[in-house]
**Student:** 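Got a structure for you, written out below as structure tokens; questions coming shortly.
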Amino acid sequence: MDNKGAGARTLPIKNRSLLSRLSDPKHPYERGTERFKPIDTDGLARRLQLEASGTRDGLAEHPASDSDTETVCEREIRHEIDRLWSDAQQSARRGFEAYLGRFSSLTTGTDIDILVGQPKVVSQTLRENARQYLAELEAKYDAYQAASGNLAEFRERERLSRPEHRILPAVVRFGLLLLACVLDWVVNASYFAGSDSAGYAGAIPKIASVPIVNVVISFGLVFFLGRQILRPFPSAKIVGAAGFGVGGLWVTGWNLGIAHWRDELTKVASDDAAKLAAQKLLTAPFQLDGMQSWALFLIGSVAGILGMIDAWWWEDPYPQFSRVLGAWAHARDDFQSFRIWCVEQLQGTADEELAALKDALRQAEQGKMRRPELTKLAIGLQEDLELHAHRLAEAGVHLLSIYREANGKARKTSVPDRFRRPPQIVLSMPALGELGEMGDSRQIEGLLTSAISSVGDALEESCSQLPTLSEWPGRGAPA
């Protein structure tokens with residue numbers, strides 16, 4: 001046989017009964033490896049026509065009594081055994097490679113290296129990320145400091161020490177403006193419809209903008225001028241008083257003019273009514289024709305006053321205070337929200353790495369349990385290959401015996417001396433190899449706890465590099 005090489009050994013097999021051997025390997029095989037193909041000696045004997053060949057050669061007195069050369073049929077038997085043995089070795093090698101692949105995948109040593117070394121890498125990563133975040137956080141702190149300085153300067157300049165007044169909710173502020181406009185519009189539409197030949201169809205286009213002008217100008221006079229009265233400077237107080245005065249004159253004059261317009265529409269054509277109303281507003285402003293006109297004036301004035309009230313409480317009544325304070329609050333919130341985001345990012349990085357460490361521990365534990373098992377299976381595969389070699393040799397001996405027996409019965413001369421000796425089949429046994437060490441001898445107990453503690457300490461240290469406003473080194477948050 002030709003299956004010799006490094007690590008191979010020769011296994012001589014003598015004639016023995018095939019029934020003395022079991023059919024199946026004595027070692028279990030994992031799914032995915034191939035069992036050795038069964039040896040069908042009867043089938044081989046029929047296919048090689050051993051009895052017929054032996055009888056034919058015997059009748060021909062072949063081989064000669066003094067011949068030591070094997071016949072063609074004997075060489076075919078040995079060739080068939082060689083082929084089956086080659087197939088068995090390939091099957092064994094595939095099985096061993098499968099075990100080796102699984103053995104290599106259970107990288108206990110690598111996983112332990114991860115558990116030992118990765119926490120240091122994670123700690124370094126967390127610290128580097130914290131330094132990057134700190135640079136961005138410092139820029140936001142500078143913006144907060146600038147806003148704080150503007151607020152402090154504003155308070156000092158305006159001699160303002162009180163906190164911001166609570167402003168009305170947006171829905172209330174907008175609702176109040178809408179109420180004033182709707183109230184003024186409904187009353188004007190109702191009264192003007194009575195004096196218009198087309199009713200509401202003619203009145204609505206005329207007075208569509210009346211409430212808006214009334215409320216918006218009343219609002220603007222108080223918001224931009226009237227609130228100046230709160231400032232500590234005499235000039236600002238004069239502007240504020242003027243704003244309220246002009247606002248009062250506006251509400252009174254505008255709504256008296258609308259009432260006069262309504263009166264004149266009941267008397268003259270629409271084009272002339274506006275001119276006559278303007279003249280009467282200047283010459284006799286309070287001489288209205290009836291209660292409806294006075295009611296129209298009163299409702300319009302209420303709408304204008306509502307606009308003025310809304311302007312006063314639209315934000316903190318002190319001019320510009322809400323804007324400056326809002327910029328400071330925005331800078332503060334931006335700093336705090338970004339710091340929270342940074343801490344969450346660091347926590348997320350730590351959690352991901354801890355999950356990877358837990359997986360490495362699981363792999364290490366699995367490898368520690370499975371590698372010895374695979375090693376035993378590989379050893380069992382080698383033993384099963386040896387057992388199969390014995391069976392193949394026995395099968396070859398049995399086939400040779402069939403041929404020789406038929407040859408001896410058919411011939412008249414004596415058989416060759418080698419026919420009287422038990423036939424031998426010699427198979428070269430390959431060494432499949434070893435899977436490797438039984439696994440890393442280092443203990444894995446406590447490695448995960450140590451890794452979690454190390455990563456936790458690094459996370460705490462990294463988060464401490466991102467101070468809050470009150471903890472900012474050397475500066476602190478303004479009161």
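Counting begins at 1 with the first residue of the sequence. We use all heavy atoms of the structure for the numbers below, so side chains are in, but hydrogens, waters and symmetry mates are not.
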**Student:** Suppose we screen for ring-ring contact (aromatic ring centres under 6.0 Å, His included). Which residues come up paired with Tyr133, at least two apart in sequence or across chains?
**Tutor:** Trp341
**Student:** Just by distance, no angles: are the side chains of Arg323 and Gln320 close enough, under 3.5 Å, to form a donor-acceptor pair?
**Tutor:** yes
**Student:** Counting N and O atoms only, with roles assigned by atom type, does the side chain of Ser91 sit under 3.5 Å from a partner on the main chain of Ala88, one being a donor and the other an acceptor?
**Tutor:** no
**Student:** Spell out, as yes or no, whether a donor-acceptor pair under 3.5 Å connects the side chain of Arg227 to the backbone of Phe223.
**Tutor:** yes
**Student:** State whether Glu76 and Arg47 are salt-bridged, where the test is any N-O pair (Lys NZ or Arg NE/NH1/NH2 against Asp/Glu carboxylate O) under 4.0 Å.
**Tutor:** no
**Student:** Check whether any side-chain N or O of Arg339 sits under 3.5 Å from a backbone N or O of Leu466 as a donor-acceptor pair, and report yes or no.
**Tutor:** yes
**Student:** Going by side-chain contact (heavy atoms from CB on, under 4.5 Å), name the residues that satisfy it together with Phe174, two or more places apart in sequence or in a different chain.
**Tutor:** Ala170, Trp314
**Student:** Checking the side chain of Arg418 only, and the main-chain atoms of Thr69 only, is there a donor and an acceptor separated by less than 3.5 Å?
**Tutor:** yes
**Student:** Under the criterion salt bridge (Lys or Arg N to Asp or Glu O under 4.0 Å), I'd like the reasoning laid out for Arg83 against Glu80: C-alpha separation, chi angles, the key distance, then a yes or no.
**Tutor:** CA-CA 5 Å; Arg83 184 184 64 80; Glu80 193 66 28; 2.3 Å; yes
**Student:** Got a donor-acceptor contact below 3.5 angstrom from the Lys237 side chain to the Pro232 backbone?
**Tutor:** no
**Student:** Hey, is the main chain of Gln465 close enough, under 3.5 Å, to the side chain of Arg131 for a donor-acceptor pair?
**Tutor:** no
**Student:** Using 30° and 60° as the class boundaries, would you call the ring planes of Phe419 and Tyr403 parallel, tilted or perpendicular?
**Tutor:** perpendicular
**Student:** Would you say the rings of Trp472 and Phe335 are close, in the sense that their centroids are separated by under 6.0 Å?
**Tutor:** yes
**Student:** Could you tell me whether the side chain of Ser401 and the main chain of Val397 form a donor-acceptor pair under 3.5 Å?
**Tutor:** yes
**Student:** Any chance CD of Glu460 has more than 12 other-residue heavy atoms, nucleotides or ligands included, within less than 6.0 Å?
**Tutor:** no
**Student:** So, Glu136 and Gln132: side-chain donor and acceptor under 3.5 Å apart, yes or no?
**Tutor:** no
**Student:** Do Asn214 side-chain atoms and Val210 backbone N/O form a donor-acceptor pair below 3.5 Å?
**Tutor:** no
**Student:** Give a yes or no answer on whether the side chain of Glu51 reaches the backbone of Arg46 with a donor-acceptor pair at less than 3.5 Å.
**Tutor:** no
**Student:** Any ion pair linking Glu74 and Arg404 (charged N to carboxylate O, less than 4.0 Å)?
**Tutor:** yes
